[in-house]
Amino acid sequence: MSRYDAAKIEPKWQRAWEEAGTFEAKRDPAKPKYYVLEMFPYPSGRIHIGHVRNYTMGDVVARYKLAKGFSVLHPMGWDAFGMPAENAAMASGGHPKDWTYQNIADMKAQMKPMGWSLDWTREFATSDPEYYGQQQSMFIDFMEKGLVYRKNAVVNWDPVDMTVLANEQVIDGKGWRSGAEVERRELTQWFFKISDFSEELLEALDGLKDWPEKVRLMQANWIGKSRGLKFGFERTDGGAPIEVFTTRPDTLLGASFVGISPDHPIAKALEEDNPDVAAFIHECRKGGTTEEEIETADKLGYDTGIRVRHPLNPEWELPVWIANFILMDYGTGAIFACPAHDQRDLDFARKYGLPVIDTFFALDDPKPVENEAFVPPKTEKVKWINHFAGLDENTGEEAVEATIRFAEELGWGTGVTQYRLRDWGLSRQRYWGCPIPVIHCDNCGAVAEKKENLPVRLPDDVSFDVPGNPLDRHLTWRHCDCPQCGGPAQRETDTMDTFVDSSWYYARFTNPHADTPTVPEDVDYWMNVDQYIGGIEHAILHLLYSRFFARAMHIAGHLPEKSKEPFNALFTQGMVTHAIYQTRDADGRPVYHYPEEVELTETGARLKATDEPVEVIPSAKMSKSKKNVVDPVDIVERYGADTARWFVMSDSPPERDVEWTASGAEAAAKHLARVWRLAVEIAETTGEGEGDDVLLREMHKTIDAVTKGIEGFLFNTSIARLYAFTNTLAKSKAGAEAKKQAMKIMAQLMSPMTPHLAEEIWAHLGGEGLVAKAPWPEADPAMLVEDTVTLAVQVNGKRRDEITVAKDMPKDEVEALALATAGVQRALDGKPPKKVIVVPGRIVNVVA
RNA sequence: GCCCGCGUGGUGGAAUGGUAGACACAGGGGACUUAAAAUCCCCAGCCUUCGGGCGUGCCGGUUCGAGUCCGGCCGCGGGUACCA
């Protein structure tokens, strides 16, 4: 019997698909369309087992939909701009462009043998001038529509390298290369007005029925709509009032001090002529810009000496402190602090000896606050102490609304709705990104480049031997003529955030080489993405930016109304993890080893080369630096693509992280070989047998279960059913015809996961054409129903026995049978049952 | 810190509020073989006086019935606006 030889068979079918143009997406008005998209990869140079999992999931859906008669679009491209290319250039002296395009070629060569049903004719990279030129054109459209503006924003500044650092380049508050203490510094930057869409982006989440609930929740929290009160504190020195925003105006009688951000105009004014303030603010600006770093930093405060009057009592004066935990970006950059009901304020008050004033207690426990702020849910009733708006026992929500009404009636405050979502800062002081198509002219200001001059191409002759943005130093590129007045001017040297590139690539795939960003007939036909698949790490930023961008594109006329939400359904898959193998060097520092360097024995792990014992750290996210990576290319070379595909789809539920184990891949290979042997054996079988009906019933149940599994992204359960059906088929004594039919159905059901093996079996059993194009089998509902059902019989919720009864047996008969069982008799021990619950077709529970 | 998830045998995991552990890996036993590999068959949560008892991270609650729903902890992961 011929052994299944993946290395020969897989390329054969890949050629067959290619020659037939099986996966080229064609607009076909006669068919419904289906657009499957996996988040496109960053071209790091090697495909990763996580990519294999992601793209195989999409492929299963794409192949299934093709078999269901859809006209399928399943494209692939490259998220090709970004920092790693520049880092590589700095490290090895090459050019980011060469590095990137070489990586793309390498990765494509690794992806092709996987047999994914991708339409490679639509491939592009975001670093292609053809792509980013269209992006620049849309940027200009957005400028005209008032969706773009400039303002100051803080960046991580490395004072030694004199350059801006990304958050990941700041390690423990220090620059990754220079080791210098990083400072927060302001720069003028370009912004998209995503905040204009806060309410719309929030409300539209409700319509995204096929998105995971957790993603919608995360986005809603990120947008962060809150209702609160805005009012001014009068200064005793006659200066302009300090405007604050608070979501807890009801706690105003617990006010202890007013806090302002170190970036607040008052703080900045004081910084000018007070060296103490300047020193304090300098201290506050140390460290990176991330919310995490700012929130977890030690609380620092400085009493400005300024005093303000409490709005409810002019005699009551509050001090104004500069506090490092107050963000200038949120609200007004100033707050009043109520330490009794906010942990951060309490920590601050305790540190600086400021008063802590209780304003409400728990209903049953009137205990003053000591070291833990009392912060009950806003929906819980609390007991107020002399509330100014006449409250007694009310919830926080009611109190906030009552307070806002009170303040508005007396005219000292206004109820406002505030969003946490900030405008999207898209400027990057880096080379390897899409140039912002703007020219700065002394006479005309910031002017858009003329569209006929697009794309504004990145110059190739740059070097990375000095820190900073090479575009700043490239004088011939930088100096140009003003598009408006023709006078001498300078190009913008900031490039765009790479999130811009990935915010519209899905639309570009509908016609990737058009000389406009999109083409109406193509977006009308192909959009929206019917199924988008990617990592949960993109739950907020990428997906929110894309939702905004689609709206902006609609406003600029590049997408139809229906595409304002571009992704109809979203699935977020888990990561692939692997154990880390490490030993220690003489100084105790960890030394990492690749899995293939390690031998696993019963007594523990050892290095193959030296027999040195190895520490095993289980289940960590794969990362090159820790060497816990598995190269899919090795698996494919050893077992074939189908084995790799089958393994990544089996066992683990797709949304969960999966641990890669070599034994799992081995087992997958064995199973596929077994299916092939079975197919060959069945092809040679002739004559009648017994139990055809049993086999065919099982077949229909399998069709039903596998189909439901694919539809519901429960690929692991589909695969479990296919394992079970293999066992059934192998043991079946049914006749040749029934077995052949069952085997062909199995090939079809396996084809989304293991398409090459499926084609080979299909052909071997005389199936017509390509299995990839054969219509998906339908389960016969009549074959799915059973006449009898086995019910568990419980006593007090504990299983004591079981009965097998006709499916439609009346409740009282079931009850009688259940009570008569030995298990129930024993458990009841002669006592009468109190109650019997019969759930038809499910269970009987006797309450004793 | 804050937001969002996840936690089930030795392992990956299955289970519309209704028989916890399907399916598989590793393991044990057997068949075939001179032997091995490959393959095939069987066993298997833990404890047990063989009646049963205990079991889905921990503590509590709702329910006739909780892995599943609710509250509180613990641990791990993702995000935290310049990694992509």
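Every chain is numbered from 1, with letters handed out A, B, ... down the list of sequences.
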Distance below 4.0 Å between [X] side-chain N/O and [N] OP1 or OP2:
X        : N     : value
A:Asn716 : B:G13 : no
A:Thr290 : B:U80 : no
A:Thr498 : B:A84 : yes
A:Arg656 : B:C6  : no
A:Asn167 : B:A81 : yes

Tell me what [X] touches on the nucleic acid: a base, only sugar-phosphate, or nothing, going by heavy atoms under 4.0 Å.
X        : value
A:Glu293 : nothing
A:Ser650 : nothing
A:Ser427 : base
A:Val155 : base
A:His671 : nothing
A:Thr717 : sugar-phosphate
A:Leu722 : nothing
A:Phe325 : nothing
A:Ile837 : base
A:Trp424 : nothing

Between [atom2] of [N] and [atom1] of [X], the distance in whole Å:
X        : N     : atom1 : atom2 : answer
A:Leu791 : B:U19 : CG    : P     : 10 Å
A:Gln573 : B:C6  : CD    : P     : 16 Å
A:Asp497 : B:A84 : CG    : P     : 7 Å
A:Tyr330 : B:A81 : OH    : P     : 16 Å
A:Gln219 : B:C4  : CD    : P     : 14 Å
A:Met107 : B:A84 : CE    : C1'   : 12 Å
A:Asp501 : B:C82 : CG    : P     : 14 Å
A:Arg721 : B:A14 : CZ    : C1'   : 11 Å

Criterion ring pair (Phe, Tyr, Trp, His ring centres under 6.0 Å) against A:His671, the qualifying member of A:Tyr639, A:Tyr4, A:Trp676, A:Trp646: A:Trp646
Enclosure of A:Lys733 NZ (heavy-atom neighbours >12, cutoff 6.0 Å): no
Say you pick atom [atom1] in [N] and the same atom in [M]; how far apart are they, in whole Å?
N     : M     : atom1 : result
B:G71 : B:C82 : P     : 34 Å
B:A24 : B:A44 : P     : 15 Å
B:A35 : B:C47 : C1'   : 41 Å
B:C50 : B:G55 : P     : 22 Å
B:C25 : B:G51 : C1'   : 36 Å
B:C46 : B:U11 : P     : 12 Å
B:C43 : B:A36 : P     : 24 Å
B:G65 : B:U19 : C1'   : 12 Å

Name the orientation of the base relative to the sugar in B:G9: syn if the glycosidic angle is within 90° of 0, else anti. syn
Within 90° of 0 counts as syn, otherwise anti: where does B:G60 fall? anti
Looking at the side chain of [X], which of [options] is the nearest nucleotide?
X        : options             : result
A:Ala166 : B:G12, B:A81, B:C82 : B:C82
A:Lys835 : B:C64, B:A20, B:G13 : B:C64
A:Met218 : B:A84, B:G78, B:G79 : B:G78
A:Glu291 : B:A81, B:G13, B:C64 : B:A81
A:Arg799 : B:G18, B:A20, B:C82 : B:A20
A:Pro653 : B:C82, B:A14, B:C4  : B:A14

Would you say the ring centers of A:Phe713 and A:Phe715 fall short of 6.0 Å from each other? yes
Could you check whether A:Tyr532 and A:Tyr506 have their ring centres less than 6.0 Å apart? no
Residue that, paired with A:Ile803, satisfies side-chain contact (heavy atoms from CB on, under 4.5 Å) out of A:Thr790, A:Val824, A:Val814: A:Val814
Heavy-atom contacts under 4.0 Å between residues 841-848 of chain A and RNA chain B, which residues? A:Arg842, A:Ile843, A:Asn845, A:Val847
Quick one about [Y] and [X] (side-chain donor to acceptor, distance below 3.5 Å, no hydrogens or angles considered), yes or no?
X        : Y        : result
A:Ser178 : A:Asp158 : yes
A:Thr493 : A:Asp472 : yes
A:Asn716 : A:Ser650 : no
A:Thr495 : A:Tyr132 : no

Starting at CG of A:Asn156, measure out to OG1 of A:Thr290 and round the result to the nearest 0.5 Å. 8.0 Å
State whether [X] and [Y] are salt-bridged, where the test is any N-O pair (Lys NZ or Arg NE/NH1/NH2 against Asp/Glu carboxylate O) under 4.0 Å.
X        : Y        : result
A:Glu213 : A:Arg216 : yes
A:Asp423 : A:Lys193 : no
A:Arg285 : A:Glu186 : no

What is the pairing partner of [N], taking Watson-Crick or G-U wobble pairs with both distances under 3.5 Å in any strand?
N     : answer
B:A66 : none
B:G1  : B:U80
B:U16 : none
B:G7  : B:C74
B:G27 : B:C43
B:C32 : none
B:G21 : none

Nucleotide-resolved protein contact map, nucleotides 36-54 of chain B, B/S/- at heavy-atom distance under 4.0 Å: ---SSS---------SSSS
What are the two closest non-hydrogen atoms of A:Ile436 and A:Met496, and how far apart are they? CG1-CG, 3.7 Å
